[in-house]
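What follows is a short report on a single structure.
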Amino acid sequence: VAYFLPADKTFPIQLCEVYANNREDYDAGDWIEFYYYGSDPLQMDDWYLTGDNEQLLFTFQEDIVLYPGQRFIFCEDSDRFKEIFPKAMHCFGNLSQGFSSTSTLSLRSADGDIKKSVSLMNSQEWPALPGEGFSMELKHLVDDTDNGNNWELSQDIYGSPGLPNNSSHMFQAPEGR
């Protein structure tokens, strides 16, 4: 079995999908997905996610552990997200506020070190977003997240949270809608 690591080998977490272009119907709120490719479990106590101007979006509580090969998602509203995507996945929320498709997002360790950061849509190379829907997915987990050419629109109008990129959920409208 061969394992390929992202070009940025400084820390084994890769940002792989962002959804900040919500649909009017079945709005799951903003969310961002990371993939942990380390070889050992990673304790996430007091790690946090920041947005523009270092605005605190989320802080991990105690006893959160990531395991090798695990995808994890930060969502704006965990109840709304789980209503749209009921399949069990590692979803952390609620974010203190949403973010835009032009935000800078940073995952930081408890001591404040930036472990992963990306500035979304910061150049013309990024894919053009439609009016609503679709996530932006990293084409390959080994790609540089800062290069807009390495991102594409998801093939699924609701994105592919918790799944390998360009996969599809068997989407069903939530009950009562």
Look only at the side chain of [X] and the backbone of [Y], and say whether a donor-acceptor pair between them is shorter than 3.5 Å.
{"X": "Asn150", "Y": "Asp144", "value": "yes"}
{"X": "Tyr37", "Y": "Leu141", "value": "no"}
{"X": "Glu76", "Y": "Asp30", "value": "yes"}
{"X": "Glu17", "Y": "Ser160", "value": "yes"}
{"X": "Ser96", "Y": "Leu56", "value": "yes"}

For Gln43 and Trp47, which heavy atoms make the closest approach, and how far apart are they?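 Reported closest heavy-atom pair: O-NE1, 3.7 Å.
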If you take all heavy atoms of Met136 and Leu153, which pair is closest and at what distance?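 Met136 and Leu153 have their closest heavy atoms at CG-CD2, 4.4 Å.
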Mind checking whether [X] and [Y] have side chains closer than 4.5 Å, heavy atoms only?
{"X": "Lys82", "Y": "Cys91", "result": "yes"}
{"X": "Arg108", "Y": "Thr50", "result": "yes"}
{"X": "His90", "Y": "Ile73", "result": "no"}
{"X": "Val65", "Y": "Leu42", "result": "no"}
{"X": "Asp143", "Y": "Asn149", "result": "no"}
{"X": "Val118", "Y": "Thr104", "result": "no"}

Please lay out, stage by stage, how Ile32 and Tyr19 fare under the test side-chain contact (heavy atoms from CB on, under 4.5 Å). CA-CA 6 Å; Ile32 182 170; Tyr19 188 86; over 6 Å; no
Kindly compute the distance separating [atom1] ([X]) from [atom2] ([Y]), expressed to the nearest 0.5 Å.
{"X": "Phe11", "Y": "Lys116", "atom1": "CZ", "atom2": "NZ", "result": "11.0 Å"}
{"X": "Cys16", "Y": "His140", "atom1": "SG", "atom2": "NE2", "result": "13.5 Å"}
{"X": "Leu95", "Y": "Ser78", "atom1": "CG", "atom2": "OG", "result": "9.5 Å"}
{"X": "Trp151", "Y": "Ser135", "atom1": "CH2", "atom2": "OG", "result": "9.0 Å"}
{"X": "Asn94", "Y": "Arg80", "atom1": "CG", "atom2": "CZ", "result": "9.0 Å"}
{"X": "Arg71", "Y": "Leu66", "atom1": "CZ", "atom2": "CG", "result": "13.0 Å"}

Could you tell me how the ring of Phe60 sits relative to the ring of Phe58: parallel (under 30°), tilted (30 to 60°) or perpendicular (over 60°)?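 Rings of Phe60 and Phe58: perpendicular, over 60°.
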Can you tell me how the ring of Phe92 sits relative to the ring of Phe74, calling it parallel under 30°, perpendicular over 60° and tilted otherwise?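 Tilted: the ring planes of Phe92 and Phe74 meet at 30° to 60°.
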Could you please spell out the steps behind the side-chain contact (heavy atoms from CB on, under 4.5 Å) verdict for Thr145 and Gln14? CA-CA 8 Å; Thr145 58; Gln14 182 68 304; 3.3 Å; yes
Can you list the residues that meet the side-chain contact (heavy atoms from CB on, under 4.5 Å) rule with Pro68, with sequence neighbours excluded?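 side-chain contact (heavy atoms from CB on, under 4.5 Å) list for Pro68, sorted by chain: Tyr36.
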With side chain to side chain contact (heavy atoms under 4.5 Å, CB included) as the test, pick out the partner of Ser106 among Leu57, Asp52, Ile114.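 When side chain to side chain contact (heavy atoms under 4.5 Å, CB included) is applied between Ser106 and each of Leu57, Asp52, Ile114, only Ile114 qualifies.
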Cluster overlap Trp31 with Tyr48, hydrophobic side-chain contacts below 4.5 Å: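 Different clusters.
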Below 4.0 angstrom, N of the basic side chain to O of the carboxylate: do Glu152 and Lys139 qualify?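 Not counted as a salt bridge, because no side-chain N and carboxylate O are separated by less than 4.0 Å.
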With sequence neighbours left out, which residue pairs that include part of residues 37-48 fulfil the salt bridge (Lys or Arg N to Asp or Glu O under 4.0 Å) condition?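 Pairs touching residues 37-48 that pass the test: none.
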Pairs involving residues 53-65, ordered by first then second residue, that meet side chain to side chain donor-acceptor pair (under 3.5 Å) (sequence neighbours left out):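 Residue pairs with at least one partner in residues 53-65: there are none.
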